[in-house]
Amino acid sequence: MLAYAIRRILLLIPVLIGMTIVTFSIIWLIPGNPAQTILGEQATPEAIAELEEQLGLNNPFWVQYGDYIGSLVTGDLGVSMRTNNEILTEVWPYLAATMELTLFAMIFALIVGVNAGIISAWKQNSIFDYTCMVIALVGVSMPVFWLALMEQWIFAQELGWLPTVGRNNARDPIEAITHFYVLDTLIQGNFEQTITALRHLVLPMIALGTIPMAIIARMTRSSMLEVLRSDYIRTVQAKGSGQLIVIYKHALKNAAIPVLTVIGLQTGALLGGAILTETIFSWPGIGRYIYEGISYRDYPVIQSGILIVATIFIFINLLVDLLYSAIDPRIKYD
Amino acid sequence: MEQAVLQLKNLQTTFQSGRREIPAVDGVSLHINKGEVVGIVGESGCGKSVTSLSIMRLIPSPPGKINSGEIVFKGEDLTKASPKRMKQVRGKEISMIFQEPMTSLNPLFTIGNQLVEAIRNHNKVSKKEAEKKAIDLVKLVGIPRAEELIHNYPHQLSGGMRQRIMIAMAMSCDPEVLIADEPTTALDVTIQAQILDLMKSLNQSKGTAILLITHDLGVVADICNRVIVMYAGQIVEEGTVRMILKDPKHPYTQGLIRSLPKLTEREQELYSIPGTVPQPGSIEVGCRFAERCEYAFDACFTENPPLFELEESRACRCLLYREEEESVS
Amino acid sequence: MSAEPILEVKGLKTYFDINGGVLSKKVGEVKAVDGISFSMQEGEILGIVGESGCGKSTTGKSILRLIEPTAGEVRFNGEDIMQLSSENVRKLRRDMQIIFQDPYASLNPRHTVGKIIGEPLLVHGIGSKTERKQKVKELLETVGLRSEHAKRYPHQFSGGQRQRIGIARALAVNPKLIICDEPVSALDVSVQSQILNLMEKLKKEFKLTYLFIAHDLSVVKHISDRVGVMYLGKMVELANKDLLYDEPKHPYTKALMSAVPVPDPDIKQERVILQGDVPSPSNPPSGCAFHTRCPSCMDVCKTDVPIWQEVAPNHQVACHLYNETTKEENVI
Amino acid sequence: MESRPIATPPHRPPPNTDLKVRSPWRESLSSLLQNRLAVIGGIILFIFIVMAILAPYLTPYTIDKTDPSIRLLPPSGDHWMGTDDLGRDVFTRVAHGARISLLIGLFAISGALLVGTTLGLIAGFYGRWIDMIISRVFDVLLAFPSILLAIAIVAILGPSLENALIAIAIINVPIFGRIVRSKVISLRSEEFVLAAKAQGMKNGRILFHHILPNSLAPIIVQGTLGFGIAIIEAAALGFLGMGATSPTPEWGRMLADSRGFIQNAYWTVLFPGLSIMLVVLGFNMVGDGLRDALDPKMKNK
Amino acid sequence: ACGGEDTGGDDNGNGNNGTGDNGNGTEEATEGGTLIFSRGGDSQGLDPGAVTDGESSRVTKQVYETLIEFDEDSFELKPGLALDWTPSEDGLSYVFNLREGVTFHDGTPFNAEAVKTNFERWGDPDHEFGFRDEGYSYSVYGSLFGVGEDHVIDEVNVISDYEVEFILNQPLGAFLQNLGASYFAMISPAALEEYGADIDENPVGTGPFKFESWQRDSQIQLVKNEDYWDEGLPYLDGVTFTIIPDNTARMSALLSGDIDLMDGLSPDDMSQVEGAEGYSVFERPPNNFGYLGFNTEVEPFDDPLVRQAFNHIIDKEALITAVYGGQATPAKNPVPEDYLGHNDAVEEYEYNPERAQELLDEAGLGDGFEFDLWTMPVARPYMPNPRRAAELIQAELSEFNIEANIVEKEWAVYLEEIELGYHDVFMLGWSGVNGDPDYFLGTLMHTDGIPGSNQTFYSNEEVDGILDEAKRTVDPDERAALYEQAQALIHDDAPMVPLVHSIPILAGSDAINGYVPHPSTSESLKHVSLEN
Ligand SMILES: Nc1ncnc2c1ncn2[C@@H]1O[C@H](COP(=O)(O)OP(=O)(O)OP(=O)(O)O)[C@@H](O)[C@H]1O
Ligand SMILES: Nc1ncnc2c1ncn2[C@@H]1O[C@H](COP(=O)(O)OP(=O)(O)OP(=O)(O)O)[C@@H](O)[C@H]1O
Ligand SMILES: [Mg+2]
Ligand SMILES: [Mg+2]
Ligand code: NI
């Protein structure tokens with residue numbers, strides 16, 4: 001298990017290096033002068049030239065890449081050009097905001113998706129099954145941003161049930177400790193604020209979680225069906241175990257393996273989809289951070305932002321892989 | 001006649017295919033006596049597995065269903081049993097092992113866990129006791145190091161060992177009937193010999209009746225008392241091992257036996273039955289073997305031959321024996 | 001027996017690397033075929049039997065260089081195949097063909113039967129288009145199918161019919177040697193005998209030589225002239241079939257013979273039930289590979305690899321029981 | 001054998017004369033046509049394709065003729081989907097948008113398919129270091145959430161429809177590449193490929209006559225599903241202002257531009273979004289159907 | 001209230017300090033409450049001199065104060081941290097009397113030294129608090145007071161604790177006006193010392209509100225400065241600036257009571273706000289200029305006839321209806337109305353397709369042509385929806401068979417490339433910061449602005465001469481005359497199509513009293529109060 005984990009981590013190294021090359025060259029290739037952006041449309045050319053010099057933007061590619069890797073290795077993600085702050089420290093609130101959102105979205109997707117999938121597979125070809133699968137089909141076809149807009153329109157603007165945007169109520173701002181607001185309010189014992197934080201989470205969570213939910217539901221159903229047809233399930237039935245044991249002990253664990261893969265992959269989709277959801281719901285997360293970085297040509301922020309997201313993504317997939325080997329004893333020995 | 005523990009009466013099991021219902025098993029009647037070993041032989045797709053799964057009421061539904069007939073187990077018709085009752089029957093009174101030892105155990109649980117589950121399904125015992133029982137069972141099927149082995153996962157075992165575990169699991173509650181669906185087909189001959197040996201000894205020591213499904217007549221000769229030959233969803237011939245192997249009546253059985261290359265005799269050319277097994281449901285009238293039969297005559301294509309009782313525990317579904325039947329009765 | 005052998009295999013070894021460990025390095029090897037030698041005369045059928053995983057298929061494929069062997073010599077008509085360039089091997093394949101076990105997997109599901117059978121002709125540049133068509137028809141009839149079948153796709157055929165198509169394909173280029181890798185083990189008995197008969201007929205008709213791989217002893221016995229028994233990558237015994245079946249010498253062969261159930265209630269033979277399972281070829285036992293299961297195992301078997309020797313005319317065995325020299329050496 | 005009276009020449013039914021040639025593709029097609037959802041999906045797609053082709057003839061309006069005097073009119077007989085803030089007919093724009101979305105999907109997916117399949121074939125067939133390099137590149141590309149990578153690529157190339165298309169093609173390359181690679185690797189050890197080799201075929205022939213046609217099923221399925229995904233991705237880029245430029249009536253772009261009117265003029269937001277969803281739904285339904293129809297597991301055995 | 005202050009000053013100060021003007025009843029102003037102000041984007045930084053964006057000055061305006069302040073709703077000057085000021089005859093020196101008893105939020109006193117430190121920080125390239133190595137730059141300072149050789153402020157001398165003298169090396173007509181710009185606000189020298197380059201996240205000024213916290217892309221919290229020199233002010237306990245990028249979403253947040261005041265109300269949503277009980281709309285006086293600029297160096301836009309034709313083709317009224325929701329006035333000059341020197345006599349090119357066709361025929365392009373129309377990717381106060389505007393213009397031009405290919409670039413690339421002249425025609429605008437016409441004309445139309453702020457590449461020696469002279473002239477009337485003359489010339493050359501002076505709109509709850517939007521986009525909220 002440990003050897004397997006180490007092996008998997010070592011295998012990540014070339015990917016990580018590849019990623020840094022990609023992130024770095026993306027930025028290097030982007031047209032536009034960051035100095036101009038920093039100074040804005042009403043800046044003088046002299047000021048721009050001066051700033052370029054300071055930022056070392058005139059060095060050749062490999063020198064800049066070398067510097068970049070050099071500082072990455074020491075844990076230095078660079079300094080945001082927009083804010084002049086260390087990205088490593090600055091990024092946390094954004095990251096936490098995104099993580100809170102994606103976490104909730106994933107939990108939502110999992111709870112709804114897995115259960116819908118199980119029941120659909122169990123009651124194959126029932127009305128429930130058909131309804132669920134049609135909903136799931138529509139779900140996977142849903143453009144996140146449109147869903148988000150529609151939700152906002154209907155539930156926030158027309159019905160006024162839930163807040164339109166943001167993470168908390170500006171009148172009663174949540175005091176950030178970990179920047180996971182739900183957690184923070186719980187730590188502080190301010191349950192009223194917990195409710196506020198949760199209310200703000202509902203719409204973006206559903207918007208972001210719908211596609212993974214649909215995909216998970218479909219995946220759970222099909223892998224459940226496949227497992228339910230397998231020989232060992234027949235064995236379990238033949239020895240007289242009850243339906244619940246068949247489904248929840250034997251079938252689900254086996255069906256979980258492909259579902260886990262989907263979850264790992266969907267986390268990437270979530271992190272990517274966050275950029276859209278966060279834009280619509282004014283969620284100050286990493287997606288917005290990168291997006292703002294792009295429009296300000298904030299090179300270090302784009303580089304590091306994308307790198308952070310991609311790293312999280314591959315580590316989640318690593319986690320999924322390790323989880324496999326926890327579930328599936330065959331993997332350890334491979 | 002001895003007392004039958006299990007009796008199938010005119011069992012028909014169909015599968016929905018598009019709009020058609022295709023009978024995979026079409027009017028099978030058979031019985032198994034206490035402590036007896038009955039073999040079912042037949043070519044691939046003739047309905048052997050469907051018959052056995054029907055007994056366990058494990059036909060995947062949809063698309064399959066038991067259409068008609070009775071499955072009488074000790075006087076009780078299992079086709080009418082509630083799911084709860086079936087849960088009791090399965091594993092405790094009738095148990096089953098399957099062809100593929102490689103895929104028949106859940107790969108994600110230890111052997112011990114799966115054995116314990118089987119034991120605790122029918123016996124109110126603590127986990128500890130169940131585990132002890134499991135170790136005993138593993139020992140019973142002739143695997144050394146049982147204490148260690150129950151902590152292993154199926155993939156750590158060889159095919160033969162897995163099949164032994166399957167047998168152990170099936171024997172965990174001393175069932176009255178053990179259905180074994182091609183238990184050795186996937187195994188090598190030397191391993192097959194081990195498994196057959198084991199089954200024989202269990203049959204002798206515990207008196208478990210065994211319904212052995214196979215397509216290997218050699219296996220039948222080795223272990224069975226009585227043989228049932230199936231062809232295209234129907235029983236075509238039934239009799240004791242000796243009768244069937246030494247004096248087959250049905251042209252199909254005859255052909256089958258003649259087409260086997262024999263280890264013990266010398267032969268120039270093998271006999272072969274022309275043609276192939278018909279798709280289930282493709283023949284509506286007439287003898288299902290008629291197309292391949294060298295003795296077929298006109299009536300074979302227009303009449304459905306019944307199963308003629310030829311002598312005690314001997315029957316044959318062939319119009320050639322009509323007069324004989326008539327004369328006998 | 002004086003003629004040049006058509007196929008001569010000497011010390012053939014095929015190992016597969018096992019990769020693993022942290023950096024996916026080679027951590028071991030599967031000795032799938034571990035030093036096999038035999039030769040075949042033209043027109044002969046050599047059967048090879050053995051338990052699953054003992055390396056039968058790998059032997060067959062290695063001879064054709066479908067799998068690159070690790071070491072050894074394969075002489076076909078006196079020419080060492082192992083030394084040929086891949087282009088020459090390609091050309092040589094006109095003379096050596098293979099029929100596979102699985103009639104479902106060995107035919108390209110997207111090609112018509114006509115294309116499947118005609119393709120070898122095409123790639124070897126045999127005949128014009130119409131000639132090839134004609135040849136395909138002939139071949140189909142030769143193997144007992146109808147010429148109209150050429151337009152159909154494999155999935156429209158039953159297993160036995162598919163195996164006939166596979167045979168027709170192998171025959172298309174008029175090969176001299178056909179390696180049959182368990183051609184009947186996926187088939188039902190009644191169909192199996194059809195195919196066996198067909199193969200025998202073709203052999204006579206086309207003066208073929210077969211290397212016939214199977215795990216069913218009775219099938220091998222039925223069809224072969226000589227039979228080799230493999231165990232764990234090694235040949236343990238090779239003899240004329242009657243000799244082998246009547247007087248098996250190697251303890252493994254004996255056990256194997258006795259384990260085959262005979263469909264005759266009158267024959268109740270004494271079974272030699274072997275203990276345990278076949279060991280893994282990635283970690284074969286020392287000495288004689290069979291010593292872990294051998295009922296007549298001696299000390300020497302655990303340490304020394306028995307040599308492959310002729311103990312009787314046309315009867316080769318690798319077993320210490322028949323090795324006077326080793327015995328003596330051991331005694332000393 | 002017992003001597004049984006053998007009947008007069010048995011008149012057997014004529015042997016099975018069903019010699020209808022049923023190619024695997026035809027069979028897949030007919031099973032596709034039996035799949036109700038797939039047919040519905042096909043109909044949806046057909047409607048959108050017709051709409052795309054006939055877009056200029058469906059309405060008397062053009063996509064760019066502005067008329068502030070009729071801005072933000074609700075749906076009516078004249079304007080089936082109302083008008084937008086510049087007084088343009090929303091239906092006309094949605095219909096033209098179908099053209100754009102379908103073309104984006106078509107080009108992005110064909111590009112990705114071509115490049116991905118080629119790379120996948122090479123990697124899977126030749127193995128060794130080529131496979132190693134190509135696979136690592138795929139790994140790296142797949143390590144980025146796709147939309148993020150697309151955004152980054154558009155940022156390099158500059159926002160425009162063509163560049164969005166290129167970005168979407170690039171992010172889809174490794175998806176196709178991987179599928180093809182793994183399919184090729186599994187096919188490489190299939191017996192029929194080994195048989196082809198044994199018959200003395202050259203690599204090129206094996207690759208293009210045996211491996212490629214048998215890898216098509218997953219490529220087709222992924223192509224269909226990917227088509228829908230590409231349309232969503234293009235719309236997402238358009239929504240973020242990184243895709244189509246004005247006055248191109250690209251759906252995502254239309255959504256972004258009309259976002260502010262959702263309360264006053266919901267139709268400007270509802271219809272473009274609904275169109276995206278329906279087209280993608282159509283592709284998903286057909287793709288699912290194809291998957292079932294082409295799934296080799298359902299056939300042969 | 002805010003009485004009792006000594007209205008110092010000369011002709012510029014008009015002593016109108018909050019009482020009277022705004023009828024929102026200062027007397028019954030309730031104290032307390034936190035105002036939630038929501039806008040579309042975050043501030044870039046909170047060092048007023050180092051930022052150019054409105055979202056930053058909106059906040060710094062609360063924390064910092066300038067020597068001279070503008071009147072509440074215009075660019076009229078009035079005392080700020082300086083009570084009065086005396087220019088020398090030749091316009092080369094100014095002496096400022098500073099307000100006494102003012103302390104920075106960190107407790108250090110505001111005095112002449114502080115003024116000197118701040119100005120030197122902006123003007124001296126090597127100043128220790130310049131933080132230029134950390135990426136700081138003072139670009140507005142540079143464009144208003146010049147950099148390097150052109151630097152206008154020669155010296156800043158401390159005469160006494162509360163008296164400071166500015167020595168200029170040439171007269172600068174807009175000098176005092178410049179000082180009113182929110183950029184030149186006084187930062188505590190002690191804080192500069194303490195925070196160093198982090199000063200832009202730890203603002204310490206003298207203003208009515210103190211900085212409390214800033215969560216990037218989320219919110220900025222300010223709290224009341226209890227020690228504010230203007231007794232009794234501010235009324236509010238604090239101000240929170242939040243961000244909701246989308247205009248409509250922001251409005252619904254307002255209508256649901258989540259926020260009190262919002263910037264950037266979409267004109268199409270005005271009716272909603274007006275229809276809602278308890279909310280109203282605020283209009284900000286126009287102080288900007290949106291235009292369609294030609295690259296006068298490329299064909300066919302080097303031909304004034306074509307440029308004039310475009311002026312006749314574009315229907316500003318339609319533009320204003322469709323894109324500005326009526327919230328804009330058509331522009332005929334670069335300089336906004338009400339500005340010193342705005343030439344009202346210039347006769348606007350009216351919407352006249354026939355005339356346009358004539359001009360095009362005359363230029364030999366009657367059959368149409370094709371060109372690239374560069375469109376801004378972001379909304380600006382002068383151009384709330386540039387894409388829509390471009391689509392409209394494109395549609396109008398297509399009537400003349402002129403095909404405009406809309407080109408979109410990312411904002412930074414856009415700015416960079418139009419400076420380099422890659423474009424044919426582009427859209428842009430300009431916002432005033434100091435209420436002075438030079439900031440519009442000198443930057444946009446002078447040859448010195450090439451390459452740089454003059455992206456039309458318009459170069460007319462005569463205009464250059466007039467603008468140079470006006471810049472050096474101190475007398476307002478003389479300057480006005482010169483600028484009017486320049487505008488007439490520019491109008492004839494038509495290097496651009498002046499589109500609009502837009503009227504940005506805000507919306508707020510009726511609980512807000514005393515809020516007066518200032519033309520410069522940022523206003524102090526010290527007179528604002530919230531009814532509970
Ligand atoms: N789940 C199913 N759905 C549809 N048809 C089925 C199903 N299971 C079995 N059948 C059909 O029922 C018939 C009998 O199948 P069965 O598995 O009983 O054959 P068998 O005799 O056990 O063959 P084998 O020797 O290959 O195991 C076959 O023709 C098969 O097509
Ligand atoms: N490509 C491969 N890579 C690694 N190991 C292999 C490979 N092919 C075969 N082996 C191993 O080589 C050994 C011999 O395999 P082979 O297929 O030759 O056996 P076989 O005798 O044909 O068995 P069967 O009767 O099951 O067909 C087995 O242990 C197998 O696991
Ligand atoms: Mg079966
Ligand atoms: Mg094999
Ligand atoms: Ni006979």
Side-chain angles (χ1 to χ4, degrees), chain A residues 11-12 14-19 21-23 25-32 133-134 137-138 140-147 149-150 152-153 157-158 211 218 226 265 267-276 279-280 287 290-291 294-295 297 302 305-307 309-314 317, chain D residues 37 41 132 136-158 171 225 228-229 231-233 235-242 251-252 255-256 258-259 262-263 266 269-270 272-285 287-288 291 297:
Chain A
L11 278 177
L12 284 184
V15 176
L16 282 168
I17 292 175
M19 268 165 42
I21 294 179
V22 171
T23 48
S25 33
I26 283 172
I27 306 315
W28 213 76
L29 292 170
I30 286 183
M133 287 308 116
V134 168
L137 198 58
V138 173
V140 286
S141 312
M142 189 67 83
V144 187
F145 42 97
W146 186 63
L147 178 63
L149 286 176
M150 288 291 142
Q152 209 176 44
W153 174 41
Q157 296 173 348
E158 294 296 325
I211 293 179
R218 284 158 58 97
E226 199 174 318
L265 291 177
T267 324
L270 280 185
L271 291 169
I275 211 168
L276 293 155
T279 304
I280 291 169
I290 295 172
Y291 188 69
I294 289 175
S295 43
R297 279 285 166 279
I302 309 176
I306 294 184
L307 194 65
V309 173
T311 312
I312 292 178
F313 179 35
I314 61 172
N317 278 308
Chain D
L37 281 181
M132 171 82 186
R136 284 297 90 74
V137 171
F138 288 167
D139 281 353
V140 168
L141 288 179
L142 288 171
F144 296 95
S146 56
I147 193 79
L148 208 57
L149 192 61
I151 289 173
I153 294 170
V154 174
I156 295 176
L157 301 173
I171 58 177
L225 297 174
I229 295 168
I231 287 174
I232 288 199
E233 279 163 348
L237 287 177
F239 185 78
L240 291 172
M242 307 188 93
W251 292 333
L255 277 182
S258 309
R259 214 187 130 179
I262 194 164
Q263 282 180 304
Y266 66 87
V269 181
L270 182 69
L274 206 59
S275 306
I276 303 176
M277 200 204 77
L278 283 176
V279 170
V280 178
L281 186 67
F283 278 109
N284 281 333
M285 286 167 138
D288 280 358
R291 196 202 318 262
K297 271 188 253 166

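Model, not experiment: these values are computed from the prediction. In what follows, chains are A, B, ... by sequence order, proteins preceding strands, each numbered from 1.
- Of the atoms belonging to D:L141, not a single heavy atom falls under 4.5 Å from chain A.
- Chain A forms the most heavy-atom pairs under 4.5 Å with one residue out of D:Y266, D:W251, D:F283, and that residue is D:Y266.
- Contact check for D:D288 versus A:R218: side-chain heavy atoms found under the 4.5 Å cut-off.
- No other option in D:G252, D:S146, D:G228, D:A235 has as many heavy-atom pairs under 4.5 Å with chain A as D:A235.
- Taking both residues in full, the closest heavy atoms of D:N284 and A:V140 are given as ND2-CG2, 3.7 Å, listed atom of the first, atom of the second, then distance.
- Across all non-hydrogen atoms, the minimal contact from D:P145 to A:A310 is CD-CA, 4.3 Å.
- The heavy-atom pair separating A:I306 from D:A152 by the smallest distance is CD1-CB, 4.0 Å.
- Of the atoms belonging to D:I231, not a single heavy atom falls under 4.5 Å from chain A.
- Interface remark: of the candidates A:Y291, A:F145, A:F313, A:F145 forms the most heavy-atom pairs closer than 4.5 Å to chain D.
- For the set D:I153, D:D139, D:V137, D:L270, the entry with the most heavy-atom pairs within less than 4.5 Å of chain A is D:L270.
- For chain A, the option among D:L37, D:L142, D:L148, D:I147 with the highest count of heavy-atom pairs below 4.5 Å is D:L148.
- The choice from A:L16, A:L271, A:L137, A:I314 that makes the most heavy-atom pairs within less than 4.5 Å of chain D is A:L137.
- Atom CG in A:L276 sits 6.5 Å away from atom CD1 in D:I151 (nearest 0.5 Å).
- For D:F144, the parts sitting under 4.5 Å from any heavy atom of chain A are the backbone and the side chain alike.
- Between chain A and the options D:R259, D:E233, D:R136, the largest number of non-hydrogen pairs under 4.5 Å is found for D:R259.
- Taking each heavy atom of D:V140 and A:P14 in turn, the nearest pair found is CG2-O, 4.5 Å.
- Interface remark: A:I280 contributes backbone and side-chain atoms alike to the contact with chain D (heavy atom separation under 4.5 Å).
- For D:M132, no part sits under 4.5 Å from any heavy atom of chain A, backbone or side chain.
- D:L281 and A:S141 make their closest contact through CA-OG, 3.1 Å (heavy atoms, listed as atom of the first residue, atom of the second, distance).
- The side-chain heavy atoms of D:M277 and A:L147, taken from C-beta on, include no pair separated by under 4.5 Å.
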